[in-house]
Amino acid sequence: MSETLLEVSNLSVEFRSSRGITKAVQNVSWSVARGETLAILGESGSGKSVSANAVMGLIDSPPGHITSGTAMYRGRDLLKLSRSQRRDINGKSISMIFQDPLAHLNPVYPIGWQIEEVLRIHGASASEARSRAIELLEHVKLPNARERLRDYPHQFSGGQRQRIMIAMAVALRPDLLIADEPTTALDVTVQARILELMKDLQRESGMGMVLITHDLGVVAQIADRVVVMKDGKIVETGPVTEVFKDPSHPYTRQLLDAVPGQEPFRHVEQKREVLVEGKKLVKEYILSSNPFKRNAATVTRALDEVSFKLHAGETLGIVGESGSGKTTLARTLLRLTEPTSGEIAYKGGNVFSLKGGDLRDFRRKLQVVFQDPTASLNPRMSIFEIVSEPWAIHPGVLPREKWRAEVEDLLVQVGLRAEHADRYPHQFSGGQRQRIAIARALALRPEIILCDEAVSALDVSVQAQVIALLKDLQKKHGLAFIFIAHDLPLVRDFADRVMVMCKGKLVEEGTTEEIFSNPQDPYTVELIAASPHHDPDAHARYGTA
Amino acid sequence: MAYYLTKRTIWSAVSLFGLVVFVFFMARLTGSPVDLYLPIDAPESLRADFERIHGFDLPLWQQFVGFLGGLLTFDFGESLRQGLPALDLVLQAMPTTLLLALYSIGTALVVAIVTGALAAWKPNSIFDRIATVLSLLGASLPNFWVAIVGVLIFSVTLRWVPTSGTGSAAQWVLPVLVLAIRPAGLLVQVARSSMISALSSAYVKTAQAKGAAPARIIFIHALRNAMLPVITVAGDQAAGIINGAVIVETIFGFPGVGKLLIDSIMFRDFAVVQAGVMVTAVAIFVLNFSIDIVYAVLDPRTRGQ
Amino acid sequence: MTRFMNTTAMAVAAAVMSFAAPAMAQEDKSLTIALPSEPADIDGCNTTVTGIGVIVKENIVETLTTLDPNDSTVRPRLATGWEDLGDGTWRISLREGVTFHDGAPFNAEAVAFAIDRLTSDAIACRDRTKIASVELTTTIVDDHTIDIHAEPAQILMPTLLSFIGAVSPNTPVDQVSRAPVGTGPFKFDSWDAEGIAVTRNADYWGEQPAATDALYIFRPESALRAAMVELGEADIAHDIAPQDATSDMDYPFLNGETTRLRMVLQPPLDDLRVRKAFNMAFDREALIGTILSDKAQLATQFVLPKINGHNPSLEPWAYDPEQAKALIAEAKADGVPVDKELRLIGRIGFFPNQEEMLQVMQQMWSQVGLNVKLEMMESAEWLKLVNKPFPEDREAMLIQEQHDNNNGDASFTMRFRFHSDGRQSEFSIPEVDKLIEEAEMATGDERTKLWQEANRIISDEIVPSVYMYHMVSYMRVSPEINYEPNSLSLIQLELADVTFN
């Protein structure tokens, strides 16, 4: 149908360091044609970004070395071009956008300047560049484009920043756009719109697109063909509909199976006792330190009269995008911050007036697992020290002689091995580290575990495993969970009841089944619609409006 | 912004006042300076007159009240050594020191930025290694040694520049260079590591993806981001020079504040010490404030507050 | 603020100019003199202060008489004659035909004014130290004759006249002057960041000096001063360190200072044997020609040979470590705490390499078993130790001192240092007190003999200190000029003595 724009053949890249040689990709081949979207799908460590970086000449050498392969574009091998020839192509004929647009935009220059830059580098005059920049911003639907040319990246939202990056990338009407995890750092609703924008631009200009991602839903939403990578090698390739409906490689099947939201809804048991109840919680932040300037405009409400109930042994899911207040709610519950008004009742008493022994008691009963397992484990402490620390903080719970045995038992419970107790966090993978954090949370035999985006930073297959573990532990110990996430499908498999938050307000709540099958509030509807479904056909059902 | 500025100024004024009062009492704790000024065999009458003329015969609290009164009109009293108003002496010496600081830090900054940027572009290259060795050498060499060796080589042996004095531009070359060496050494290292960090950041990748040439990446994209730590350290070094480029001032005969302060301390010239401390503190306050402004110019993210 | 503008403007404008080594043009007959430190003021009533006299004395402001540098005889300057009328009054004849730089006439009234100003309590004139405890009253006889009455009567009045600088009657009486007006061969011109400038006085009463003008600049670093003369940036480098005096342009000269270590007479230093041991264990000769110039002289007493009262028959202690050990052992046997650690206090800034010298001495003493610990102090701290009143719990220690007496007579040293009411005297011995009091009242040969006897007793019988050296200073003089430093050159550098080649 259309000409092949870029053909990568037998590309191998390795990284050499004092610790040895790592083969990042081995013998990788893929191609992308005009008007087509190719997805490179893989988890972390699969090497999915490496081949694209090699094509763009972004691999630092040393330590990276391209040991074999070609990347043919318009009859020339990109890998053999000189630097200045490469610079001529980058940004003009082939462009790339990245994950985390805040980090990828230069914070000290206005966005207008940065867009104009790509035009000026490739020969446009200043005035040409200026008018084209405004045009581009309007094209990517950035509101008030003209006035905002002089603003800086930090003054925009995540979605807007990605639009700006897209504008930069398509400024010179490239043949090919490479997008490396373009929506991973964005909120779900924003993600949907960005993907839509990219698809529209593609339709308009006929450019080819290479989309690198770990998210099967995204692949299903906009890709035509998919290449599945694992450990630096391609395990499967083909049209998306075929691969997803009928995967041939076991790994692909494993990925598809691990996608959350495929199980039946959980049943809500009959009413159990209320463990924790939040009543009309309000948290205000004052934006200006200038006492002469305090007024309504400088006060922001992170929590706006939020109330909730948590029953024993149940999982309460709290879903919201950035700015919804879910993190503030978690911090308030943990007594890391005081609400401006409202109270949280635990077994009848107000959590905020607990003191001394009662407070310690409360803290024992409510444990937490954080999002980033790397940051929440002290790299200088051994696993044994980490998991046994709660007993050091709460003396009297377990005598010291018993610590070793109990630590080993906990590790086994979370799917690790007893001998892991003497190792250090950096020796484990992300998923394993999160397991360690869970073991630590279990140490004090809590009643409630608060999971603050506990699986969001993990790969898909690992996510599934960790959630399975949590469910298991819940059954075994009768734990209650508060499960905070930004992504609805995750919550769907694990929560009994769900709360949806937006801008500090509680928008809707109900059982999982109610929320997913019959959402009432328009925001909830939008949220559900925005989560890309991994079934390519499903996109017709939910629409990408 | 105005609110912030006012708040800052008021707090600084309060701490300045506290500082001056503190120095007042600390200095006088060392006793009467009479013996330092008069010959060792001076008669009692002479000592008594000296004390009376300079107010040392009054009880301490009375001296303090007089001092406070003088403060209101910026009158710090007279220098014991020269009999001239202390504040005038300090203000006269200030421009020399400020210029020294300005020129030497300016030189150091230029050298550091260019060298650091180029070294960071290719870490561990020959250029980088040489630059690192030289900068560490510069940061380690003691001032007075560099000054004297500098004079011996460039003045006496090569006769390229005069030895000392302040009149002509040629006479400023050696002192400025001597003062610049240590900050340059430090700043090269700061600039280098800051640039390495900037060059490995995500937006540099974007710039490369846009097709930007190395010069543009180094000097336009990375440099501005890397400047902040460099400015911080440079400001600190400048403060150090303002406070006490004593050795250079002494050797090259520059009548600056550093030498004035040290001499005044040695001679217990209280009025000049106080005036000097205050003026220097004000200068450093202004310096810090300017740095804040430079920050705001360089980094738009800090402009909100 | 204008100064700031000027400096920057100069720097900017001068950046365009080429770098030229500023050589002193011989046609102008200008002199540039590099001094170690900038004086606090240059008032004519402070001419006895080292940093001030070297600029002012006999250049800008002249004194009534001067002392000959070699034998300390009194020579006329602005006073041409003096007669002792008895009862403490001296009649002084003044030179005629002399005017001040500002036109005022030099006469008896002017002298009376100068003396009043010197003794006034509105300003603390340092020269007053030299006429301490003497009350002077003046009576004008006629324009060129003045009677000066001293209470108590001063035998050394002619010497005292060499401390009285004649400043113009227009000089302000309530503040110290930074622009002195005198009668000297040079007029004060300016004092700014560059230095102090003086120009030749065309109306000078005496011979016109060879130099047309002079500039005093201040460079604390000795090597730099020396380098400046080498390069032609200066003509005279005043008081350079011995290690910088390595060329044939360098002249050593006795500078009138004597160094010693004063001993505080507490145990074990209250024992004469221990004090003698300290002197015997110190190898004086070893330091001459090495750390010190080879022109330095061994000191046997606290005044120089040129001073009246110096006893020429006193011998320096021979270096005899064995004898020293014997004396120490003897003292120890009698229970004297010879092992006590004694502080050796050095005062920073006396002369170059002093710390090294004190370290050597400490080494020498430790070799005979004396326990000495060196401590360097700055002057303020040191002063507390050397001046009375002494604290109750004063311990034995050795304190470094340096003393200059360029005034021709031992009286300027003896009472202060050795009389029981002398502020820096460590002992109180009636015999010594009597000798000092008698000597002060005596004249001629008798006076000399009394001083010499006092010195003998002190040096040989009391041994209150370790006398070290009569010190030498160095001056570097450019080959373009002729100047020979003498024993007063450290405090009095007469520009009129400089001639050009």
Side-chain angles (χ1 to χ4, degrees), chain B residues 30-31 33 35-54 79-84 91-92 94-96 98-99 103 144 147-148 151-152 155-156 159-173 250-255 259 263 266-268, chain C residues 1 3-5 7-8 10-22 34 37-41 48-49 120-126 128-133 175-176 178 193-195 217-221 223-224 227-228 230-231 233 378-380 383-384 386-387 403 412 416 423-424:
Chain B
T30 57
D35 286 322
L36 290 168
Y37 287 89
L38 300 179
I40 209 165
D41 42 352
E44 267 313 303
S45 59
L46 187 54
R47 309 174 87 85
D49 286 338
F50 186 87
E51 287 200 349
R52 184 186 34 82
I53 292 171
H54 295 281
S79 159
L80 283 183
R81 300 182 67 220
Q82 285 129 313
L84 296 171
L91 288 178
Q92 237 173 45
M94 221 32 195
T96 308
L98 287 178
L99 277 180
Y103 293 149
F144 58 88
I148 304 239
V151 168
L152 283 176
S155 275
V156 178
R159 313 233 165 173
W160 283 357
V161 284
T163 59
S164 50
T166 58
S168 67
Q171 288 167 309
W172 283 70
V173 169
T250 302
I251 292 181
F252 292 102
F254 271 55
K259 181 158 194 302
D263 285 348
M266 293 248 308
F267 278 94
R268 309 290 192 273
Chain C
M1 241 8 221
R3 193 192 203 87
F4 173 84
M5 302 288 200
T7 321
T8 333
M10 264 200 294
V12 168
V16 185
M17 300 189 319
S18 52
F19 299 162
S37 60
E38 194 166 1
D41 61 75
T48 54
V49 179
S120 131
D121 57 8
I123 38 177
C125 285
R126 321 288 171 73
R128 260 204 271 165
T129 313
K130 296 295 189 218
I131 52 170
S133 67
Q175 46 170 247
V176 172
R178 292 169 68 85
E194 270 227 69
I217 59 178
F218 313 107
R219 300 285 181 267
E221 178 57 46
L224 193 76
M228 289 182 84
E230 194 184 321
L231 290 176
E233 291 180 16
E378 52 149 5
S379 42
L383 274 170
K384 291 192 194 140
V386 300
N387 278 337
H403 169 64
F412 294 97
F416 196 68
R423 195 146 187 255
Q424 298 206 332

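What you see is a predicted model, and the numbers here were worked out from it, not measured in a lab. In what follows, chains are A, B, ... by sequence order, proteins preceding strands, each numbered from 1.
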Subject >> Between Val156(B), Leu38(B), Asp263(B), the one whose heavy-atom pairs under 4.5 Å with chain C are most numerous >> reply: Val156(B)
Subject >> Note, Thr250(B) side chain near Phe144(B) side chain (heavy atom, < 4.5 Å) >> reply: no
Subject >> Interatomic distance, Ser37(C) atom OG to Arg219(C) atom CZ [nearest 0.5 angstrom] >> reply: 12.5 Å
Original post:
Is it the backbone or the side chain of Ser79(B) that comes under 4.5 Å from a heavy atom of chain C, or both, or neither?
Top reply: neither
**OP:** Heavy-atom distances under 4.5 Å only: say whether Ile148(B) touches chain C with side chain, backbone, both or neither.
**Re:** side chain
Subject >> From SG (Cys125(C)) to CG (Asp49(B)), nearest 0.5 Å >> reply: 10.0 Å
Original post:
Non-hydrogen atoms of chain C under 4.5 Å away: do they reach the side chain of Leu46(B), the backbone, both or neither?
Top reply: both
**OP:** Please answer whether the main-chain N or O of Asp121(C) pairs with a side-chain N or O of Arg52(B) as donor and acceptor at a distance below 3.5 Å.
**Re:** yes
Subject >> Under 4.5 Å from a heavy atom of chain B, the part of Ala122(C) involved >> reply: backbone
**OP:** Under 4.5 Å, counting heavy-atom pairs only, tell me which of Glu38(C), His403(C), Met228(C) racks up the most with chain B.
**Re:** Met228(C)
**OP:** Answer yes or no: is there a donor N or O on one side and an acceptor on the other, between the side chain of Ser155(B) and the main chain of Pro162(B), under 3.5 Å?
**Re:** yes
Subject >> Contacting region of Val151(B) [heavy-atom separation from chain C under 4.5 Å] >> reply: side chain
Original post:
Does any heavy atom of chain B fall under 4.5 Å from the side chain of Gln424(C), the backbone, both, or neither of them?
Top reply: side chain
Original post:
Is the shortest heavy-atom distance from the side chain of Trp172(B) to the side chain of Leu99(B) under 4.5 Å?
Top reply: yes
**OP:** Measure distances from Phe252(B) to the heavy atoms of chain C and classify the residue's part below 4.5 Å as side chain, backbone, both or neither.
**Re:** backbone
Subject >> Which atoms of Ile217(C) approach chain B - backbone, side chain, both or neither, heavy atom under 4.5 Å >> reply: neither
Subject >> Part of Glu378(C) lying under 4.5 Å from any heavy atom of chain B >> reply: side chain
**OP:** Measure distances from Leu91(B) to the heavy atoms of chain C and classify the residue's part below 4.5 Å as side chain, backbone, both or neither.
**Re:** neither
Subject >> Heavy-atom contact with chain B under 4.5 Å, split by part of Phe416(C) >> reply: side chain
Subject >> Side chain, backbone, both or neither of Arg126(C) within contact of chain B (heavy atoms, under 4.5 Å) >> reply: both
**OP:** For Glu51(B) and Ala48(B), indicate whether the former's side chain and the latter's backbone hold a donor-acceptor pair under 3.5 Å.
**Re:** no
Subject >> Beyond-backbone contact of Pro255(B) with Phe218(C), side-chain heavy atoms, under 4.5 angstrom >> reply: no
Original post:
Distance-only, no hydrogens or angles: does the Arg81(B) side chain make a donor-acceptor pair with backbone N or O of Asp41(C) under 3.5 Å?
Top reply: no
